[in-house]
Amino acid sequence: MRAALKPLWRRWLARRIPPAASVRLNQRRIFILPSRVGAIFAVALLLMLLVGINYQNSLAYGLTFLLVSVFVVTILHTYRNLAGLVLKAGGGGAVFVGEHARFRVRLESPERERQAVALGWPPSDLVVRDVPRQGQTEVDLSQPAVRRGWLRPERLRVESRFPLGLLVAWSWVDLDQAVLVYPRPLEGELPLSAGLGDEEEEGMRARGQGADDFQGLREYQPGDSKRRLDWKAYSRGQGLLVKDFAMLSGRDLWLDFDSLGGDSEMRLSLLCYWVLQFTERQQAFGLQLPGQVIAPDYGEGHRDACLRALALFGARA
């Protein structure tokens with residue numbers, strides 16, 4: 001029964017609180033009910049009222065009505081602790097399978113101070129933060145990355161039990177966040193057809209950029225390795241210059257999906273490992289996947305493009 005109601009609940013939430021990078025909590029987006037402590041408190045009030053009626057005790061009446069008024073006032077304060085709160089999605093960097101993806105959420109309070117605001121994904125423990133008046137605070141949340149591709153978390157629960165814990169006000173928001181998950185790197189050997197193992201030096205020539213033959217200096221560009229910076233030239237006031245090398249090679253180096261053995265995930269993990277290895281060595285390489293080819297290049301931008309292709313391989317557009 002519960003499983004059958006889940007899709008209906010999600011569709012209703014999607015209409016009432018649609019996905020957005022920034023969400024402001026208002027009356028339509030906040031739900032409030034007595035907490036477990038509040039339910040026990042309400043039962044105790046009922047028993048006190050019955051005692052007062054049974055014994056016609058004015059003191060029992062007075063105490064009961066006083067506590068009822070406290071309960072009613074608490075409803076307003078619990079609601080106000082969330083009403084008007086703004087939640088904004090922050091950036092999250094890509095991770096590998098097996099790591100924890102981090103999602104950053106910014107809480108902003110344009111009006112009043114917020115105390116003990118909790119957020120997270122149940123059943124995991126919620127993170128509790130205070131938000132200053134006309135200020136903001138950032139919260140880093142995490143989820144395990146168990147498969148490659150886009151990791152889109154479930155709706156985020158935001159709740160408050162302030163000030164007495166008798167009631168809980170909460171909301172479910174979708175900040176439309178996503179983190180790209182790369183395959184888990186798997187160390188292994190590449191076959192000769194992938195471009196390794198060619199020991200023949202005959203006919204080798206300088207091609208492209210690599211790490212074998214020094215060609216001179218050039219101006220630094222974003223993405224260039226810090227290891228190649230010419231600090232001596234920088235100390236002489238010549239600006240940031242990078243040592244330029246050429247790779248000695250008789251042919252382009254290719255990482256080919258079809259040349260590997262094993263299932264698809266194993267092949268992608270092995271390719272991921274060698275993408276990282278060749279990037280660290282500043283070795284130019286190309287990537288061949290079924291239906292996609294990335295031309296030989298090197299550098300952080302080329303690495304990110306290859307890792308993205310591996311992460312999204314086979315994903316529906």
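Remember, it's a predicted structure, so these values are computed and weren't measured experimentally.
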Given the options L167, V73, L164, T78 meets side-chain contact (heavy atoms from CB on, under 4.5 Å) only with L167

Before accepting this row, confirm whether a basic side-chain N of the pair E111/R133 lies closer than 4.0 Å to the acidic partner's carboxylate O. no

Closest approach of T74 and P163, non-hydrogen atoms and distance? CG2-CD, 4.0 Å

Side-chain touch V128/V117, heavy atoms, less than 4.5 angstrom: no

Is I17 linked to W170 within one hydrophobic cluster, defined over Ile, Leu, Val, Met, Phe, Trp and Tyr using a side-chain heavy-atom separation of less than 4.5 Å? yes

Would you call E265 and R148 a side-chain contact if the rule is heavy atoms closer than 4.5 Å? yes

Rounded to the nearest 0.5 Å, what separates atom CG in L180 from atom CZ in R308? 6.0 Å

Shortest non-hydrogen separation from G262 to R267 and the atoms involved: O-NE, 3.0 Å

Within a reach of under 6.0 Å around CZ of R80, are more than 12 heavy atoms found that belong to other residues, nucleotides or ligands? no

Are V275 and L289 grouped together when hydrophobic residues (ILVMFWY) are joined by side-chain heavy atoms under 4.5 angstrom apart? yes

CA sep, side-chain torsions, deciding dist, call: R155, L13, side chain to side chain contact (heavy atoms under 4.5 Å, CB included): CA-CA 10 Å; R155 283 183 174 266; L13 269 180; 3.8 Å; yes

I'd like to know whether CZ of R147 has more than 12 heavy-atom contacts from other residues, nucleotides or ligands below 6.0 angstrom. no

V179/F103 under side chain to side chain contact (heavy atoms under 4.5 Å, CB included): CA gap, chis, key distance, verdict: CA-CA 8 Å; V179 164; F103 299 89; 3.5 Å; yes

Inspect the contact between E159 and R157 and indicate whether a charged nitrogen and a carboxylate oxygen are less than 4.0 angstrom apart. yes

Are F31 and Y79 side-chain neighbours, meaning at least one heavy-atom pair lies under 4.5 Å? no

Cluster overlap V70 with V68, hydrophobic side-chain contacts below 4.5 Å: yes

Between I32 and V168, is the side chain to side chain contact (heavy atoms under 4.5 Å, CB included) condition met? List the steps. CA-CA 6 Å; I32 185 167; V168 52; over 6 Å; no

Please confirm whether the backbone N or O of G84 pairs with a side-chain atom of N26, one donor and one acceptor, at under 3.5 Å? no

May I have the step-by-step check of salt bridge (Lys or Arg N to Asp or Glu O under 4.0 Å) for E138 and R129, ending in yes or no? CA-CA 9 Å; E138 290 188 346; R129 291 288 187 273; over 6 Å; no

Can you find a pair of side-chain heavy atoms, one from M266 and one from L186, that are under 4.5 Å apart? yes

When rounded to the nearest 0.5 Å, the distance separating CG of L307 from CG of L276 is 5.5 Å

Using side chain to side chain contact (heavy atoms under 4.5 Å, CB included), reason through R16 and R29 one step at a time and then give a plain yes or no. CA-CA 7 Å; R16 193 174 184 90; R29 296 169 175 170; 5.5 Å; no

Smallest separation among heavy atoms of V37 and G165, with atom names: CB-O, 3.8 Å

CG/L46 to CZ/F41 distance, rounded to the nearest 0.5 angstrom? 12.5 Å

Tell me whether the count of non-hydrogen atoms from other residues, nucleotides or ligands lying under 6.0 Å of CG in D125 goes above 12. no

Would you say the side chain of R152 lies within less than 4.5 Å of the side chain of Q177, judging by non-hydrogen atoms? no

R114/S109 under side chain to side chain donor-acceptor pair (under 3.5 Å): CA gap, chis, key distance, verdict: CA-CA 7 Å; R114 321 283 174 157; S109 178; 3.0 Å; yes

Taking W254 for its side chain and P296 for its backbone only, find out whether a donor-acceptor pair lies under 3.5 Å. no

If we only count heavy atoms from C-beta on, is the V173 to L25 side-chain gap below 4.5 Å? yes

When you measure from the side chain of R303 to the backbone of T279, do you find a donor-acceptor pair of N or O atoms at a distance under 3.5 Å? no

Heavy-atom nearest pair, G52 first then A60, reads CA-CB, 3.7 Å

If you define the side chain from C-beta out and look only at heavy atoms, does anything of L166 sit under 4.5 Å from F71? yes

Quick check on side-chain contact (heavy atoms from CB on, under 4.5 Å): which of V158, D130, V131 does L107 satisfy it with? V131

Shortest non-hydrogen contact from W121 toward P153: CZ2-CB, 3.5 Å

Does a sphere of radius 6.0 Å around CZ in R102 hold more than 12 heavy atoms from other residues, nucleotides or ligands, not counting ones at 6.0 Å or beyond? no

CZ-CG distance between F278 and L255, expressed to the nearest 0.5 angstrom: 5.5 Å

hydrophobic_cluster_shared for I294 and F257, side chain cutoff 4.5 Å: yes

Out of curiosity, L156 CG to L87 CG, how far, rounded to the nearest 0.5 Å? 7.0 Å

Verify same cluster id: L260, F313 (apolar side-chain graph, 4.5 Å): yes

Stacked cation flag R184 on F96, 6.0 angstrom / 45 deg: no

Note: with side-chain heavy atoms under 4.5 Å as the link, the other cluster members for F65 come out as L49, I53, Y61

Shortest non-hydrogen contact between V86 and R24, atoms and distance: CG2-NH1, 3.8 Å

Flag yes if more than 12 heavy atoms outside Q27 fall under 6.0 Å of its CD atom; otherwise flag no. no

Roughly how far, to the nearest 0.5 Å, is CG of L253 from CD of Q283? 5.5 Å

Taking the side chain as everything from C-beta on, heavy atoms only, tell me whether E154 gets closer than 4.5 Å to R10. yes

